[in-house]
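For reference, the structure is listed below as structure tokens.
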Amino acid sequence: MASSTPAAHPHYDRLIAAARGLPSLRVAVVHPANAASLEAALASASLGLIVPTLVGPRAKIEAAAQEAGIDLSRIAIVDAPHSHAAADAAVAMALRGEVDALMKGSLHTDELMGAVVRREGGLRTSRRISHCFVMDIPGHAQPLIISDAAINIAPTLEEKADIVQNAIDLAHALHMPAVRVAILSATETVNAKVPSTLDAAVLCKMADRGQITGAVLDGPLAMDNAIDAEAARIKGIVSPVAGRANVLIVPDLDAGNMLAKSLTFLGGAYAAGIVLGAKVPVILTSRADSEPARLASCAVASMLAKAGRDKLIKAVG
């Protein structure tokens with residue numbers, strides 16, 4: 001008899017199922033010199049989500065595979081002497097059109113992103129590069145996109161406009177039926193002494209004037225009245241976003257990182273990480289990620305790449 005227990009992370013299940021219907025994404029896995037990064041790549045490959053090419057020191061990659069009992073006989077390896085060289089080689093492969101996305105292996109994020117954002121020979125576009133977490137929170141009715149919790153430390157207003165637009169584009173790539181963006185702060189009222197409330201108000205006016213498109217924005221909103229309809233009602237906030245937001249824009253990296261990790265480690269959420277604003281999606285995984293989160297990160301990249309190819313969004317390409 002089938003179990004009646006609901007899936008803990010149904011949003012990821014649907015996301016991975018949708019991505020499996022797309023052509024496999026050609027992915028350069030950068031410096032996968034440990035078991036965790038190899039297993040993440042091969043698990044995604046086994047589902048048909050990606051076709052990986054491992055880029056890094058061949059001897060270290062093969063030693064890690066042997067120690068973990070992983071068979072690499074059918075996996076392409078591009079030999080690079082160290083992590084910086086691996087990042088450079090992967091970026092060059094993307095520029096030549098040999099891969100559709102990059103995936104972080106066991107190197108530091110700043111090593112990979114340094115090669116991605118390099119002005120000469122990097123993967124920059126006209127957009128500010130930013131990061132999004134796609135969060136699947138047990139019991140929450142919809143997935144949440146949180147940005148930026150990994151790349152931009154203290155973004156300016158102009159940079160926040162690109163961060164918002166990138167997140168909106170991602171929501172459309174994931175086929176969210178309606179995109180409702182909450183610009184978060186500590187309070188839902190504009191206060192000249194709290195700069196994030198001023199940025200929120202300006203971003204909303206930019207959306208009113210067509211400078212940010214594809215979503216309904218509201219802010220400043222505090223976290224409670226952004227996602228909880230009862231909290232918004234009690235505070236008398238009348239808004240199409242309050243209590244129903246599915247995109248959360250944080251004021252800075254500290255706030256975003258703490259929010260995402262609190263949801264993950266206290267709320268049991270899974271977090272799929274992706275970098276937007278480059279010529280190809282960049283999959284950022286963490287050693288602490290669960291296997292479903294790693295698979296979902298690849299699924300997000302696949303759907304993002306397709307939306308870019310179809311010219312539906314400008315957050316990649």
Partner residues of R209 under the side chain to side chain contact (heavy atoms under 4.5 Å, CB included) criterion, sequence neighbours left out: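 R209 satisfies side chain to side chain contact (heavy atoms under 4.5 Å, CB included) with K205, Q211 only.
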Hey, can you pull the donor-acceptor pairs under 3.5 Å for the side chains in residues 257-270, sequence neighbours left out?
from	atom 1	to	atom 2	distance (Å)
N257	OD1	K261	NZ	3.3
N257	ND2	A149	O	3.2
S262	OG	M258	O	2.7
T264	OG1	A260	O	2.9

Which residues share a side chain to side chain donor-acceptor pair (under 3.5 Å) with [X], sequence neighbours left out:
{"X": "R244", "answer": "none"}
{"X": "R20", "answer": "none"}
{"X": "H175", "answer": "none"}

Which pairs would a plain distance check flag for residues 297-317, meaning a side-chain donor or acceptor within less than 3.5 Å of a matching protein atom at least two apart in sequence or in another chain?
from	atom 1	to	atom 2	distance (Å)
S297	OG	G273	N	3.1
S297	OG	A293	O	3.0
K306	NZ	D310	OD2	2.6

Check for me, please, whether I145 and I16 land in the same ILVMFWY cluster - side-chain distances under 4.5 Å, paths through other members count.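 Yes, because I145 and I16 connect within a single hydrophobic cluster, where side-chain heavy atoms sit under 4.5 Å apart.
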Where do [X] and [Y] come nearest, in terms of heavy atoms and distance?
{"X": "R127", "Y": "Q165", "result": "NH2-CG, 3.2 Å"}
{"X": "V134", "Y": "P143", "result": "CG1-CB, 4.5 Å"}
{"X": "E188", "Y": "A222", "result": "OE1-CB, 3.8 Å"}

Connecting only ILVMFWY residues whose side-chain heavy atoms lie within less than 4.5 Å of each other, what is the rest of [X]'s hydrophobic cluster?
{"X": "I153", "answer": "L253"}
{"X": "V99", "answer": "V30, V55, V78, V91, M93, L95, L102, L107, L112, M113, V116, V117, L123, I129, I151, V275, V280, V282, L284"}
{"X": "V238", "answer": "none"}
{"X": "V216", "answer": "L221, I237, V241"}

Is the closest side-chain heavy-atom distance between D148 and P155 below 4.5 Å?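 Not touching, per the 4.5 Å side-chain cut-off.
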Taking 4.0 angstrom as the limit, do R233 and E230 come out as a salt bridge?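 A salt bridge links R233 with E230.
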For residues 192-200, which side-chain N or O atoms pair as donor and acceptor with protein atoms under 3.5 Å away, sequence neighbours left out?
from	atom 1	to	atom 2	distance (Å)
S196	OG	S185	OG	2.7
T197	OG1	N191	N	2.9
T197	OG1	N191	O	2.9
T197	OG1	V194	O	2.7
D199	OD2	K160	NZ	2.9

For I249, is there any backbone N or O sitting under 3.5 Å from a side-chain donor or acceptor partner on S147?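 Side chain of S147 to backbone of I249, a donor-acceptor pair under 3.5 Å: no, none is there.
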Partner residues of H131 under the ring-ring contact (aromatic ring centres under 6.0 Å, His included) criterion, sequence neighbours left out: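 By the ring-ring contact (aromatic ring centres under 6.0 Å, His included) rule, H131 matches F133.
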Sole candidate of L42, D79, V29 that passes side-chain contact (heavy atoms from CB on, under 4.5 Å) when paired with L54: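 Answer to the side-chain contact (heavy atoms from CB on, under 4.5 Å) test with L54 among L42, D79, V29: V29.
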Can a donor-acceptor pair be found between the side chains of E159 and N152 at a distance below 3.5 Å?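 No pair is found: no donor N or O on one side chain lies under 3.5 Å from an acceptor on the other.
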Please indicate whether H140 has more than 12 foreign heavy atoms, meaning atoms of other residues, nucleotides or ligands, lying under 6.0 Å from its NE2.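 It does: H140 NE2 has more than 12 such atoms within range.
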